[in-house]
S.K.: 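Got a structure for you, written out below as C-alpha cells; questions coming shortly.
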Amino acid sequence: GSGISLYYYFKNDIWFGIDSQSTSGSLTSTSSSGDTKYEVNLNFSTNYLNARYYLIESMPSFFIQGGLVSRSWTIESVATDVSTGNKGTFKTNYPSSALNIGLGWNWISDQGISGGIHFISIVGGSPLHTYEMESGWTCDDACKANYETAVDEVVPSSTAHVNIGYNFNF
C-alpha cells in the first residue's frame with residue numbers, strides 16, 4: 001500500500017522513525033458450481049515505529065531495524081447461497097500490536113532526494129477468525145480450514161518496501 005515515512009537522524013549510525021501504510025480492496029466472485037456468491041473486503045492500516053542501526057562504516061547505507069507495529073487489519077467475507085439467500089459471514093481481525101524486524105538499504109543524494117528498499121517481518125499474534133452463520137447454512141471444519149488458508153495466502157508476514165522521498169535539513 002501507499003504511505004508516508006518520517007525519520008529523525010539521531011546520530012551517525014542510529015535513526016528513529018515512523019512508517020505508515022494503508023491499503024484496502026474488495027472482490028466479488030461466484031463458486032465454480034454457481035451456487036455460492038462471495039463478497040470479500042480487505043482493510044489494512046499499519047504504523048511502524050522503529051529504530052534503525054546502520055551497521056558498517058564502509059557501507060553506511062545498510063541497516064537493521066526493529067520496533068513496534070500498530071495495525072488495524074480486517075478481512076470480511078460474506079458467502080451467500082444463491083438459491084436460498086442464506087448468508088455466512090467470516091471475519092478476521094489481527095492483534096492491534098506486534099513487533100517488526102528488518103533490514104534494508106537507504107541512500108540520500110547530495111540534493112536531498114532519497115530512496116531505499118527494506119525487507120520487514122511482522123511478528124506477533126495470530127488472527128482471530130469468527131464465523132456467523134444464518135440458519136440453514138453451515139461451515140464445518142474443512143470450510144473453516146479453507147477460509148483460514150485463503151487468509152494466510154493473502155496476508156503476508158514479511159513485506160518489501162520501496163520508497164522515494166526528500167530529506168529536509170533544519
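Heavy-atom basis, side chains included; hydrogens, waters and symmetry copies ignored.
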S.K.: Quick check on D140: does its CG atom have over 12 non-hydrogen neighbours (other residues, nucleotides or ligands) under 6.0 Å away?
M.R.: yes
S.K.: Closest heavy-atom contact between W107 and G116?
M.R.: NE1-N, 4.2 Å
S.K.: Nearest 0.5 Å please: distance from the CG atom of N86 over to the CD atom of E134.
M.R.: 5.5 Å
S.K.: With a 4.5 Å limit on heavy-atom distance, are the side chains of T36 and V82 in contact?
M.R.: no
S.K.: Do Y147 and D152 pair up side chain to side chain, a donor and an acceptor below 3.5 Å, judged on atom types alone?
M.R.: no
S.K.: I'd like to check L68 versus L99 (side-chain heavy atoms, cut-off strictly below 4.5 Å). Are they in contact?
M.R.: yes
S.K.: Same cluster or not: I64 versus I101, using hydrophobic residues (I, L, V, M, F, W, Y) connected whenever any side-chain heavy atoms lie under 4.5 Å apart?
M.R.: no
S.K.: Does V123 belong to the same Ile/Leu/Val/Met/Phe/Trp/Tyr cluster as V69, with side-chain heavy atoms less than 4.5 Å apart forming each link?
M.R.: no
S.K.: Would a hydrophobic clustering, with Ile, Leu, Val, Met, Phe, Trp and Tyr connected at side-chain separations under 4.5 Å, put I14 with Y9?
M.R.: no
S.K.: Between Q65 and N100, is there a side-chain heavy-atom distance shorter than 4.5 Å?
M.R.: yes
S.K.: For the ring pair F63 and W15, is the centre-to-centre distance below 6.0 Å?
M.R.: no
S.K.: Answer yes or no: are there more than 12 heavy-atom neighbours, outside Y131 itself, under 6.0 Å from its atom OH?
M.R.: yes
S.K.: Enter the distance from S20:OG to I4:CD1 here, rounded to the nearest 0.5 Å.
M.R.: 8.0 Å
S.K.: Please determine, by modelled atom types, if N106 and S61 share a side-chain donor-acceptor pair under 3.5 angstrom.
M.R.: no
S.K.: So, taking the atom named OG1 in T149 and the one named NZ in K144, what distance separates them when rounded to the nearest 0.5 Å?
M.R.: 14.0 Å
S.K.: Grouping I, L, V, M, F, W and Y whenever their side-chain heavy atoms are under 4.5 Å apart, do V151 and L128 come out in a common cluster?
M.R.: no
S.K.: Please name the pair of heavy atoms, one in D81 and one in S83, separated by the smallest distance, quoted to 0.1 Å.
M.R.: OD1-OG, 2.7 Å
S.K.: So D13 and Y53, do their side chains get closer than 4.5 Å, heavy atoms only?
M.R.: yes
S.K.: Can you measure from CD1 (I122) to OG1 (T159) and round to the nearest 0.5 angstrom?
M.R.: 6.0 Å
S.K.: How about N41 and I75: do any of their side-chain heavy atoms sit closer than 4.5 Å?
M.R.: no
S.K.: In sequence, state the C-alpha distance, the side-chain angles, and the governing distance for E132 and K91, and then conclude on salt bridge (charged side-chain N to carboxylate O under 4.0 Å, His left out).
M.R.: CA-CA 8 Å; E132 299 170 8; K91 295 180 182 178; 3.8 Å; yes
S.K.: Are C143 and F90 close enough that some pair of their side-chain heavy atoms sits under 4.5 Å apart?
M.R.: yes
S.K.: Going only through I, L, V, M, F, W and Y residues with side-chain contacts under 4.5 Å, is there a path from I108 to W105?
M.R.: no
S.K.: Rounded to the nearest 0.5 Å, how far does OG of S72 lie from CG of N43?
M.R.: 7.5 Å
S.K.: Do Y7 and R52 come within less than 4.5 Å of each other through their side chains, counting heavy atoms only?
M.R.: yes
S.K.: Within the distance-only criterion (no hydrogens, no angle test), does the side chain of S109 pair as donor or acceptor with the backbone N or O of I113 below 3.5 angstrom?
M.R.: yes
S.K.: Are side-chain heavy atoms of L42 and V154 found at a separation under 4.5 Å?
M.R.: yes
S.K.: Roughly how far apart are K37 NZ and S31 OG, rounded to 0.5 Å?
M.R.: 12.0 Å
S.K.: For S97 and S70: C-alpha separation, side-chain torsions, deciding distance, then whether side chain to side chain contact (heavy atoms under 4.5 Å, CB included) applies.
M.R.: CA-CA 5 Å; S97 60; S70 172; over 6 Å; no
S.K.: Give a yes or no on whether the ring-centroid distance for Y8 and F16 is below 6.0 angstrom.
M.R.: no
S.K.: Is the gap between the ring centers of Y48 and H118 under 6.0 Å?
M.R.: no
S.K.: Side chains of N93 and T74: is there a donor and an acceptor less than 3.5 Å apart?
M.R.: no
S.K.: Closest heavy-atom contact between A98 and G124?
M.R.: CB-O, 3.9 Å
S.K.: Minimum heavy-atom separation for T138 and M133, please, with both atom names.
M.R.: C-CE, 4.0 Å
